[in-house]
> 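Sharing a structure with you now.
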Amino acid sequence: MGEAGQRGRLFGTDGVRGVAGHDLTVGLALDLGVAAAAVLGRADVTDGPRAVAVIGRDPRASGPFLEAAVVAGLASAGVDVLRLGVIPTPGVAYLTKALGADFGVVISASHNPARDNGIKFFGRGGVKLPDATEDEIEAELKAAPQLRTFFGRVTETSVEQERYVDHLLATLPTEPRLPLAGLRVVVDCAHGAAYLVAPMALRRAGAEVITIGAEPDGVNINEGCGSTCLEALGEAVVRFGADAGIAYDGDADRCLAVDADGQPLDGDQILTVLAAELKESGRLEHDAVVVTVMSNQGFHVAMREAGVEVIETPVGDKHVSAAMRDGGYVLGGEQSGHIILFEHASTGDGVLTSLQFLAAVNRRGVSVAAAAAMMRRYPQVLLNVPGEASQLGPRVDAAVSAAESRLAGKGRVLVRPSGTEPAIRLMVQAEDAHLAELVIGQLADEVRLALAGQ
């Protein structure tokens, strides 16, 4: 499996992912269900109430058969399963907590193409699992099968999706009654899990909503749409004369935005607006925000000027979430649009983020572009070099040091293995775009040579 090959373990940065039917097979999905039941679901309990799991998925064609396999594994190991159907990943996290379930399961590969799929788990309370617990599940895969004399029950519901939408709307200010009133918003649902929930929530909050990317057919998820491809959204916003555009990824745990001119806003800019809103209302605990090493240098400058401390973690929203929980922080996120609002959610939630962001902009009475200008975004160049390596060696280390010296403290350099595909991710930020392009080109050459063993 791609992630296992890179990281030496089955679980990657966001669960188990791979090509559906090839890497991620029905057999593996069933075995993961049995293993998760043993680790998370008290599968060895023969009396008393059975453990309960909730499971949801995105609309990929492979979702139903992988879900069926996981459900079979869980129920065969004595866990009751509530099937939620197509629902955003954060909806599963919320309902895991709201329903008092022992754990939650999501069948999704997030922003990956339709051929991929994934399986990830939430622990009690809807929190992402620590690496150690994922390792326990992986180790359980090798355990001998047990003779079962009791089995779980499987039920299905769509009512809980409305409960999730009610929860999202309850996070908004009660005054004004419709906090998004007067806004025309184009919503790109990436033909993914939010295609019903997101437009419903935004409309109920008062926005006039125009949808694109809301016709999933099982194979068009993330295809030329959503948060990984903002061009169609930008064009639609301009064409319809909208005030803003919002884009989610396939499982809607992240969102990005565009302004009325179709210009994109990334997660750092959205975080800047949310941090200002929370600080001004006295709700930004410790006057701090948690981000990853991928955050833009301009974000650090904006937060310093606002009197907000920036806490950095490795890449991955699970690391952001862990740091927030450990430090008692309420706001964190990634440049990619994973935003965590611990006041209201246990994990990143794209629909929640879009509601809070648009409400903050509307309350201020400014345009999205004016809100985005609260942070000056340094030019940034990203590049993926195909290949797998846990360590790239001293040659690349020296190249990174040289690049940092060349930027003279006015930029950032990052080289890291991807957690979701066989690639090395490069990032360079600089005050000057041409310099950023030049530096990343030189870094990429060194990485390719290192991967080739030269």
Side-chain angles (χ1 to χ4, degrees), residues 3 12-15 17 58 87-94 104 106 108-112 118 120-122 126-130 168 171 188-190 192-194 197-198 222 226-230 246-257 264-275 278 288-296 299 303 310-325 329-357 375 377 380 382 414 416 418-421 425 427:
E3 293 188 9
T13 54
D14 207 18
R17 284 191 194 171
D58 70 24
I87 187 172
T89 288
V92 176
Y94 165 71
V106 177
S108 175
S110 189
H111 59 281
N112 282 25
K120 62 183 172 184
F121 300 95
F122 291 107
V127 299
K128 289 196 172 185
L129 302 182
L168 294 173
T171 70
D188 184 346
C189 299
V197 167
N222 299 317
S227 62
T228 58
C229 185
L230 295 175
I246 296 292
Y248 308 105
D249 66 338
D251 70 337
D253 64 351
R254 69 172 78 178
C255 85
L256 295 177
L265 281 72
D266 64 17
D268 288 338
Q269 291 169 298
I270 294 172
L271 268 174
T272 299
V273 175
L274 294 177
L278 288 174
V289 60
V290 181
V291 297
T292 77
V293 292
M294 289 287 288
S295 60
N296 192 273
F299 176 78
M303 292 297 97
V310 177
I311 312 295
E312 281 194 333
T313 76
V315 173
D317 64 322
K318 68 189 300 180
H319 299 298
V320 174
S321 179
M324 291 175 65
R325 192 171 294 108
Y329 306 114
V330 296
L331 179 65
E334 296 185 282
Q335 192 181 82
S336 61
H338 280 116
I339 309 294
I340 304 173
L341 291 146
F342 259 2
E343 277 188 306
H344 311 300
S346 60
T347 188
D349 189 325
V351 184
L352 172 65
T353 298
S354 62
L355 287 166
Q356 294 291 328
F357 171 72
M375 171 194 141
R377 184 165 53 184
Q380 173 177 288
L382 302 174
L414 184 66
R416 66 177 182 89
S418 168
T420 58
E421 60 182 325
R425 300 201 191 280
M427 179 195 76

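Bear in mind that the values here come from a model prediction, so they are computed numbers and not experimental data.
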> Minimum heavy-atom separation for Asn222 and Asp249, please, with both atom names.
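For Asn222 and Asp249, the tightest heavy-atom pair comes out as OD1-C, 3.9 Å.
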> So, the side chain of Gln335 versus the backbone of Asp266: is there a donor-acceptor pair under 3.5 Å, distance only?
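Side chain of Gln335 to backbone of Asp266, a donor-acceptor pair under 3.5 Å: no, none is there.
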> What is the distance from atom CZ of Phe299 to atom CE of Met294, rounded to the nearest 0.5 Å?
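Answer rounded to 0.5 Å: 14.5 Å.
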> Return the OG1 to CD1 distance between Thr347 and Ile339, rounded to the nearest 0.5 Å.
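CD1 of Ile339 is found 11.5 Å from OG1 of Thr347.
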> Can a donor-acceptor pair be found between the side chains of Ser110 and Asp251 at a distance below 3.5 Å?
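A pair is found: one side chain offers a donor N or O, the other an acceptor, under 3.5 Å apart.
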> What are the two closest heavy atoms between Ala323 and Val290, and how far apart are they?
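The answer is CB-CG1, 3.9 Å.
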> Say whether Thr171 and Gln356, considering side chains only, have a donor N or O and an acceptor N or O under 3.5 Å apart.
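Side-chain D/A pair, Thr171 to Gln356: present.
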> To the closest 0.5 Å, what do you measure between OG1 (Thr313) and NE2 (His319)?
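Thr313 atom OG1 to His319 atom NE2 measures 7.0 Å (nearest 0.5 Å).
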> When you compare the side chains of Ser354 and Tyr248, does any donor N or O come within less than 3.5 Å of an acceptor on the partner?
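Present: a donor and an acceptor within the cut-off.
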> State which residues pass salt bridge (charged side-chain N to carboxylate O under 4.0 Å, His left out) with Asp58; sequence neighbours excluded, sorted by chain then number.
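Scan of Asp58 (salt bridge (charged side-chain N to carboxylate O under 4.0 Å, His left out), adjacent residues dropped) gives Arg60.
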> To the closest 0.5 Å, what do you measure between OG (Ser295) and CG (Leu414)?
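So the OG of Ser295 and the CG of Leu414 are separated by 10.0 Å.
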> Quickly, which of Leu355, Leu341, Leu168 forms a side-chain contact (heavy atoms from CB on, under 4.5 Å) with Asp349? Name it, please.
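Exactly one option meets the side-chain contact (heavy atoms from CB on, under 4.5 Å) with Asp349, and it is Leu168.
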> Might you point out which heavy atoms bring Ala252 and Ala194 nearest each other, and give the distance in Å?
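That closest heavy-atom pairing would be CB-CB, 3.6 Å.
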> Should the pair Lys128-Asp14 be classified as a salt bridge under the 4.0 Å nitrogen-to-oxygen rule?
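Yes, this pair counts.
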> Before giving the answer on side chain to side chain donor-acceptor pair (under 3.5 Å), spell out for Arg425 and Ser418 the whole-Å C-alpha distance, their side-chain angles and the decisive distance to 0.1 Å.
CA-CA 6 Å; Arg425 300 201 191 280; Ser418 168; 2.9 Å; yes
